[in-house]
Asks: 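Dropping the structure in here first, questions after.
Side chains included, hydrogens not; waters and symmetry mates left out as well; all remaining heavy atoms used.
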Amino acid sequence: MNRYKTQRRVQVEESQTPKYDDDVQDEEEQGESGMRLRPSDINVTEDQEPFMGIKVRRKASLRREYRGDYLDVPSRSFLMKILQKQGDKQVLFADKVLKFTSSGKMKRRILMITDFAIYIVDPDSGALKRRIALAAVDKMCLSELSDNFFAIIIPTEYDLLMASTRKSEIVTVLVDATKSASEYELEVVFSNRFEYNASAGDVKEVQFEGVEGGVRTKIVKK
């Protein structure tokens, strides 16, 4: 079955609004930027690179400069210990994000991207929750609207659904890092409906709808 259907301030719904909670399992056609993008009817403008006009973007994001490490990782010993244990030295991106659990609740997590892997860390306990090799990532899924959601699809494991105001930077970093590490160009799929595996055998669909004042987002069980 094809998991991805190409179609066209966030209120989150999933039959109920996700809550911040820690009681859920938590294992945790080519553009100039090198991204492989699905078609869109929206016109391309220079300011909309690297997304080739596919995504409706906030004006503030068009001119934003990328910093990469927003947490000053070298100053945080618990993060350095995790990286040193894994043998990773180059941090391409680090910031706090919201991660959706298999039950649809949200947890605050630290997302780190190195030249070899993606790290999900609990900011409260400092524990490494999950490490995903870049080579295991198949694609990323985003809506065509102005929201903060993105999914990282990992066929050999379960997928990641997260939200960040720096989503554009995360996508760019992952595409560039994957290409540098393996010469594989990570596919970025834009659709206002996409599926992801929240856990083993648990497929959910994220639905986006433009409404007055923002975007309504629903997460439904398939």
Side-chain angles (χ1 to χ4, degrees), residues 2-20 29-66 93 95-101 104-109 111 113 137-153 159-175 186-198 203-222:
N2 184 4
R3 294 169 58 188
Y4 313 100
K5 305 172 186 177
T6 304
Q7 308 162 352
R8 281 245 349 126
R9 278 142 36 105
V10 179
Q11 297 176 357
V12 182
E13 302 177 5
E14 187 188 3
S15 303
Q16 58 183 20
T17 303
K19 303 173 183 177
Y20 292 97
E29 259 151 40
Q30 176 94 13
E32 292 179 8
S33 65
M35 297 184 192
R36 289 186 291 155
L37 308 178
R38 296 290 178 86
S40 171
D41 294 328
I42 303 174
N43 292 329
V44 177
T45 67
E46 183 178 353
D47 284 343
Q48 289 174 313
E49 297 293 339
F51 295 113
M52 298 296 290
I54 286 184
K55 188 155 187 68
V56 177
R57 303 178 65 197
R58 301 179 183 89
K59 290 183 179 180
S61 72
L62 299 179
R63 305 294 183 183
R64 181 180 295 167
E65 293 184 3
Y66 293 166
F93 180 87
D95 195 17
K96 290 183 179 180
V97 299
L98 291 176
K99 174 192 171 293
F100 287 76
T101 68
K105 298 178 183 179
M106 293 185 288
K107 293 184 180 180
R108 297 189 182 277
R109 290 290 181 252
L111 169 67
I113 304 172
V137 178
D138 179 55
K139 65 182 70 179
M140 296 187 70
C141 295
L142 303 84
S143 80
E144 295 185 8
L145 302 175
S146 181
D147 59 85
N148 296 327
F149 290 81
F150 63 97
I152 300 176
I153 308 302
D159 304 325
L160 281 172
L161 178 65
M162 294 184 285
S164 169
T165 57
R166 298 190 170 96
K167 175 179 62 178
S168 299
E169 183 172 357
I170 293 169
V171 174
T172 301
V173 168
L174 278 175
V175 169
L186 186 65
E187 185 178 12
V188 181
V189 179
F190 293 86
S191 172
N192 286 347
R193 287 175 179 262
F194 60 76
E195 294 179 4
Y196 77 103
N197 284 329
V203 180
K204 294 189 177 182
E205 182 178 71
V206 190
Q207 304 171 355
F208 301 87
E209 178 187 4
V211 296
E212 184 177 357
V215 179
R216 177 178 292 118
T217 305
K218 292 183 180 180
I219 305 173
V220 298
K221 188 176 179 63
K222 296 295 287 183

Asks: Any idea which heavy atoms bring Asn192 and Glu144 closest together, and the distance?
Replies: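 Looking at all heavy atoms of both residues, the closest pair is OD1-N, 3.0 Å.
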Asks: Roughly how far, to the nearest 0.5 Å, is the NZ atom of Lys96 from the CG atom of Leu111?
Replies: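 Output value for this atom pair is 13.0 Å.
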Asks: If you measure from CG on Asp95 to OG1 on Thr165, what distance do you get to the nearest 0.5 Å?
Replies: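 Reported value, rounded in 0.5 Å steps: 6.5 Å.
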Asks: Please give me the minimum heavy-atom distance between Ala163 and Phe100, naming the atom from each residue.
Replies: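 In this case the closest contact between Ala163 and Phe100 is CB-CE1, 4.3 Å.
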Asks: Could you please spell out the steps behind the side chain to side chain donor-acceptor pair (under 3.5 Å) verdict for Glu205 and Gln207?
Replies: CA-CA 6 Å; Glu205 182 178 71; Gln207 304 171 355; 2.8 Å; yes
Asks: Once you round to the nearest 0.5 Å, how far does OH of Tyr196 lie from NZ of Lys204?
Replies: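 Result: 5.0 Å between the selected atoms.
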Asks: For Asn197, does its backbone N or O pair with a side-chain atom of Asp159 as donor and acceptor, under 3.5 Å?
Replies: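 Confirmed, Asp159 side chain pairs with Asn197 backbone.
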Asks: Which distance, rounded to the nearest 0.5 Å, do you find between the NZ of Lys107 and the OG1 of Thr101?
Replies: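 With rounding to 0.5 Å, NZ (Lys107) is 6.5 Å from OG1 (Thr101).
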Asks: Roughly how far apart are Cys141 SG and Arg193 CZ, rounded to 0.5 Å?
Replies: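 Interatomic distance, Cys141 SG to Arg193 CZ, rounded to 0.5 Å: 14.5 Å.
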Asks: Considering all heavy atoms of both residues, which atom of Leu161 and which atom of Val206 are nearest to each other, and what is their separation?
Replies: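 That closest heavy-atom pairing would be CD2-CG2, 4.0 Å.
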Asks: I want to check something: taking the side chain as every heavy atom from C-beta on, are Thr172 and Phe93 in contact at a cut-off of under 4.5 Å?
Replies: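 No, too far: nothing below the 4.5 Å cut-off.
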Asks: Set out, in order, the CA-CA distance, both residues' side-chain angles and the distance that settles side-chain contact (heavy atoms from CB on, under 4.5 Å) for Leu174 and Val137, then state yes or no.
Replies: CA-CA 9 Å; Leu174 278 175; Val137 178; 5.6 Å; no
Asks: side-chain contact (heavy atoms from CB on, under 4.5 Å), that's the test. Do Phe149 and Ser143 meet it? Break it down for me.
Replies: CA-CA 8 Å; Phe149 290 81; Ser143 80; over 6 Å; no
Asks: List the atom of Val171, the atom of Val188, and the distance in Å for their closest heavy-atom pair.
Replies: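 Of all heavy-atom pairs spanning Val171 and Val188, the closest is CG1-CG2, 4.0 Å.
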Asks: Write down the atom of Val97, the atom of Ser164, and the distance for their closest heavy-atom approach.
Replies: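 Scanning both residues completely, I find the closest heavy atoms to be CG1-CB, 3.9 Å.
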Asks: Side chain of Asn148, backbone of Lys167: donor and acceptor closer than 3.5 Å?
Replies: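 Pair absent, no side-chain N/O of Asn148 close to backbone of Lys167.
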Asks: Determine the minimum heavy-atom distance between Glu195 and Ile153, stating which atoms define it.
Replies: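 That closest heavy-atom pairing would be O-CD1, 4.2 Å.
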